[in-house]
Amino acid sequence: MSALVAQLDDVDGPAHHDGVARVGSSNARLLAGPRASREPESLAAHVARLGPIDERRTGDEWRTIIRESGLVGRGGGEFALARKLDLAARSPGAPLVVVNASEGEPASRKDQTLLRVRPHLVLDGAGVVAAAVGAHRVVVYLHVDRPHVTFPLEWAIEERRRGGLAGPTYELAEAPDRYVAGESSAVVTFLGEGVAAPRRTAVPAAAIGVAGRPTVVSNTETYAHVALLARFGADWFRSAGSVQTPGSTLVTLAGDVPEPGLVLELLAPVEVGTFLSRVAGLAGPPRALLVGGYAGTWIDAAAAWAAPLDRATMRRAGLPLGCGVVAVLGADRCGLAETARLVDWMAGQSSGQCGPCVSGLPAMAGQLADLVRGRAGSRDVARLRRLAEAVRGRGACGHPTGVVALLESALDTFAEEVRDHVRGRSCAARGVGLPLPDASQGSRR
Amino acid sequence: MTTLAPRAAGTSVVATIAVRVVIDGTRCDGHGICLLRLPERISLDEWGYAVVDDTPLAGRRSLARARRAVQACPAHALDLVTCADPPPGPASAQARPRVVG
């Protein structure tokens with residue numbers, strides 16, 4: 001920690017906070033470079049700022065560096081990247097590298113921000129991963145209708161082509177704008193068969209993926225980290241973050257904060273309370289926090305106030321940071337009403353393949369909506385619990401289980417609100433705090 | 001995935017390996033035939049979809065019933081795997097599969 005404190009001493013200006021950086025902060029890593037720019041950083045500026053990547057290294061050397069860095073995937077799975085790469089490198093067939101840039105989490109902005117302002121960081125990292133497994137092709141997987149991400153990427157890929165940079169070829173693949181389409185087995189299925197639906201497979205994609213080829217699928221932020229650790233080494237990478245989760249971490253703020261969608265880089269495991277008071281100006285704990293996105297976990301804000309923002313610690317505490325969204329629920333909101341909206345939307349995002357998801361999620365959404373409207377009794381609350389129990393762990397992907405985590409943590413965190421709604425008391429809710437892409441896209445249209 | 005060959009392929013060998021039943025939720029249509037064939041491992045949820053207890057099968061009779069359950073499923077949703085096989089899950093084999101970009 002002392003090295004980190006020293007590193008943070010040179011922090012200057014209002015945009016900096018201990019252990020927290022914004023785009024352009026001098027203590028930033030992924031977000032370092034031109035400040036608060038709306039423009040993507042050009043290839044020339046990117047190379048001038050960071051220097052070249054050593055192209056003489058072998059795949060074995062790259063995999064060793066990545067293994068020593070301890071980098072884990074930043075899409076939520078927190079799977080060691082080196083293990084995927086080792087598996088891909090020793091599996092037969094020409095490997096494929098896929099950057100999962102779909103960022104289907106409605107409140108998350110970290111991947112879009114990286115691609116918008118630092119596209120070459122992501123492409124560099126994908127190039128290193130390609131070299132690490134012997135791949136010649138990188139596919140960036142995006143949701144359709146996101147020109148603010150697609151344009152900078154196309155531009156950056158064109159820049160690299162014109163600059164005659166060595167490395168793999170880069171191409172874009174546009175997937176349906178559905179939440180589940182970003183699940184990594186759905187990514188593989190889409191690239192192989194044109195259907196963005198999760199599949200249950202016994203063999204990891206890193207061994208047998210798209211068209212039977214070893215396929216490395218990882219999150220956008222993961223590749224950006226690789227671009228930096230490839231230049232500055234595993235020890236440098238480990239000097240941020242914690243021993244359990246080395247490296248910095250991107251977080252998106254959402255909900256009742258002055259700047260929803262603000263992306264911040266955590267350089268050290270800052271306490272939740274310290275973080276929120278500094279970056280969102282909160283004087284004390286709000287009503288509750290939703291951590292890890294819409295398949296995440298609600299927690300009473302006071303209970304989480306002293307928790308360190310560290311992936312490994314939070315996962316052990318049953319509060320996984322997941323995609324890195326930290327959503328704030330103000331005191332004048334109703335957590336149950338918010339959750340009902342989210343569960344309804346999530347039910348509509350199912351790929352429709354597995355019965356428990358197709359039948360269970362709309363049933364949960366309907367029951368919860370009744371509770372919010374004051375039309376449910378304590379028996380109906382027990383029924384909600386039973387529905388959650390019936391759906392947990394079922395299906396081919398983590399979607400239904402994620403919705404169960406959201407629902408159950410809401411029933412626990414908002415127990416008081418549940419009692420009030422059961423008694424038919426009027427709801428104290430003021431509007432809604434959490435964003436959805438299109439409020440009409442719920443399951444019960 | 002090491003799927004056990006039906007019957008003929010060395011039953012005696014198979015019986016010594018720990019084997020469990022797994023389900024592909026994308027295939028199960030809730031016919032419910034598996035419940036009749038293997039009641040000790042299968043139950044149905046309130047919508048009729050199979051819920052599988054995937055702890056290792058105990059004994060030769062149970063294994064034989066499991067094999068019949070697998071063969072009887074019209075949707076080919078059930079499978080037998082040895083316990084050495086990796087747990088079924090999304091292709092990424094991540095600890096907690098999440099739907100995130």
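Worth knowing before you read on, the calculation uses all heavy atoms, side chains too, and leaves out hydrogens, waters and symmetry mates. Keep in mind that this is a model prediction, so the values were computed, not measured. Letters A, B, ... are given to chains in the order of the sequence lines, protein chains preceding strands, and every chain is numbered from 1.
- Distance check, rounded to the nearest 0.5 Å: SG of B:C28 to CZ of A:R394 gives 7.5 Å.
- Contacts between A:P198 and chain B at a heavy-atom distance below 4.5 Å involve the backbone alone (N, CA, C, O).
- Side-chain contact between B:I23 and A:R200 is absent, with no heavy-atom pair separated by less than 4.5 Å.
- Using a 4.0 Å cut-off between a side-chain N of Lys or Arg and a carboxylate O of Asp or Glu, B:D24 and A:R199 do not qualify as a salt bridge.
- Proximity to chain B (any heavy atom under 4.5 Å) is restricted, for A:V391, to the side chain, taken from C-beta onward.
- Few gaps surround CZ on A:R392; more than 12 heavy atoms of other groups in view lie less than 6.0 Å from it.
- Between B:Y49 and A:C354, the closest side-chain pair of non-hydrogen atoms is not below 4.5 Å.
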